[in-house]
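To start, the structure under review is shown below, and the notes come after it.
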Amino acid sequence: QVQLMESGGGLVQPGGSLRLSCGASGNIYSIGVMKWYRQAPGKMREFVARIFSDGGTYYSDSVKGRFTISRDDAKNMEYLQMNSLKSEDAAVYSCNAMVRGRGNSDCLEHWGQGTQVTVSS
C-alpha cells in the first residue's frame with residue numbers, strides 16, 4: 001500500500017509565499033511523474049504542475065512563473081514552492097504520483113488527502 005501526505009498549507013497574505021510538501025510512503029519501488037492539483041470551492045479540480053522522473057516540468061498558465069515544482073527521489077518527496085500568491089490561488093492542493101510498488105510491474109496512480117491554502121489579507 002502506498003500513501004501520499006501533503007503538508008505546508010495555511011493562511012498567507014496576497015503576494016506572500018508558501019511551500020507545500022508531499023511525502024510518499026509504503027511499498028515503493030519507484031515513482032514516475034508527480035503532480036499537483038488544486039480545487040477551489042464550487043470549481044472543478046485544476047491541474048497545477050507536474051514533474052517527470054528526469055526533472056522535466058510543466059505548469060498551468062495560471063501559475064507559470066510564480067510556482068516551482070521539485071522532487072527529491074531519495075526521500076520520495078515532491079514540493080510546490082508558491083510565490084506571489086493571489087486570492088485566486090486559494091484552494092485545496094492535492095499531490096498525485098504514479099508509483100510502482102516493489103514486486104509490481106505496473107505504476108498505479110495515488111492521491112494525497114489535500115492541504116488547504118488560503119490567500120487573504
Side-chain angles (χ1 to χ4, degrees):
Q1 189 70 295
V2 174
Q3 290 185 328
L4 301 183
M5 181 166 292
E6 303 94 340
S7 61
L11 172 64
V12 63
Q13 292 185 343
S17 298
L18 276 179
R19 187 192 193 211
L20 305 183
S21 300
C22 175
S25 61
N27 179 32
I28 299 171
Y29 176 76
S30 64
I31 301 177
V33 62
M34 305 181 85
K35 304 176 185 178
W36 286 96
Y37 286 83
R38 67 186 182 186
Q39 187 168 19
K43 294 188 176 181
M44 298 287 287
R45 185 167 60 197
E46 173 190 20
F47 166 81
V48 176
R50 68 171 176 254
I51 183 166
F52 295 98
S53 55
D54 64 0
T57 59
Y58 182 81
Y59 299 91
S60 69
D61 288 342
S62 61
V63 307
K64 195 177 299 181
R66 300 186 298 121
F67 290 11
T68 302
I69 189 172
S70 61
R71 61 191 287 166
D72 184 338
D73 289 330
K75 298 179 179 180
N76 292 331
M77 297 286 294
E78 70 168 316
Y79 306 96
L80 186 68
Q81 177 66 43
M82 305 185 295
N83 298 329
S84 303
L85 283 161
K86 306 174 182 179
S87 58
E88 52 262 43
D89 294 318
V92 174
Y93 284 71
S94 298
C95 60
N96 170 288
M98 296 299 293
V99 181
R100 180 181 173 187
R102 296 188 188 90
N104 297 330
S105 58
D106 296 330
C107 281
L108 298 178
E109 184 177 38
H110 296 273
W111 290 87
Q113 85 289 349
T115 186
Q116 178 72 50
V117 172
T118 302
V119 184
S120 175
S121 54

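Remember, it's a predicted structure, so these values are computed and weren't measured experimentally.
Minimum interatomic distance between N96 and E109 (heavy atoms only, all atoms of both residues): ND2-OE2, 2.8 Å. Scanning all heavy atoms of the two residues, the minimum distance from L20 to G9 falls at CD2-N, 3.6 Å. A pairwise comparison of heavy atoms in C22 and L4 identifies SG-CB, 4.0 Å as the closest pair. Between A40 and A91 the shortest heavy-atom distance is N-CB, 3.8 Å. Here the closest non-hydrogen pair linking R38 and S62 is NH2-OG, 3.4 Å. Summarising the geometry of I69 relative to K35, their closest heavy-atom pair is CD1-CA, 4.5 Å, with the distance given to 0.1 Å.
Within the 4.5 Å cutoff, side-chain heavy atoms of I31 are placed close to those of R71. Contact of the Q113 side chain with the M5 side chain is registered, since non-hydrogen atoms from C-beta on lie closer than 4.5 Å. Using a 4.5 Å heavy-atom cutoff, the side chains of N76 and S25 are not in contact. Contact of the N27 side chain with the N104 side chain is registered, since non-hydrogen atoms from C-beta on lie closer than 4.5 Å.
Within 6.0 Å of NZ in K64 there are more than 12 heavy atoms belonging to other residues, nucleotides or ligands. The local environment of CD in Q1 is sparse, with at most 12 non-hydrogen atoms from other residues, nucleotides or ligands closer than 6.0 Å.
A donor atom on one side chain and an acceptor atom on the other are not found under 3.5 Å apart for W36 and E6.
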Give the C-alpha distance, both sets of side-chain angles, the deciding distance and a yes or no for side chain to side chain contact (heavy atoms under 4.5 Å, CB included) between S7 and T115.
CA-CA 6 Å; S7 61; T115 186; over 6 Å; no
Does the side chain to side chain contact (heavy atoms under 4.5 Å, CB included) test come out yes or no for L80 and E78, once each step is laid out?
CA-CA 7 Å; L80 186 68; E78 70 168 316; over 6 Å; no
Between M77 and S21, is a side chain to side chain contact (heavy atoms under 4.5 Å, CB included) present by the stated rule, with each step listed?
CA-CA 7 Å; M77 297 286 294; S21 300; 3.8 Å; yes
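Hydrophobic clustering places M34 together with V2 (ILVMFWY residues linked when any side-chain heavy atoms are closer than 4.5 Å, directly or through intermediates). A continuous path of hydrophobic side-chain contacts links V63 to L85 [ILVMFWY only; heavy atoms under 4.5 Å]. Both L18 and Y59 are part of a single hydrophobic cluster, where members link through side-chain heavy atoms under 4.5 Å apart. A continuous path of Ile, Leu, Val, Met, Phe, Trp and Tyr side chains, each step under 4.5 Å between heavy atoms, connects I51 with V99, placing both in one hydrophobic cluster. Under the 4.5 Å side-chain heavy-atom criterion for ILVMFWY residues, no single connected hydrophobic cluster contains both M82 and Y37.
Distance check, rounded to the nearest 0.5 Å: CE of M98 to CG of D106 gives 9.0 Å. Atom-to-atom distance recorded for R50:CZ and S60:OG is 11.0 Å, nearest 0.5 angstrom.
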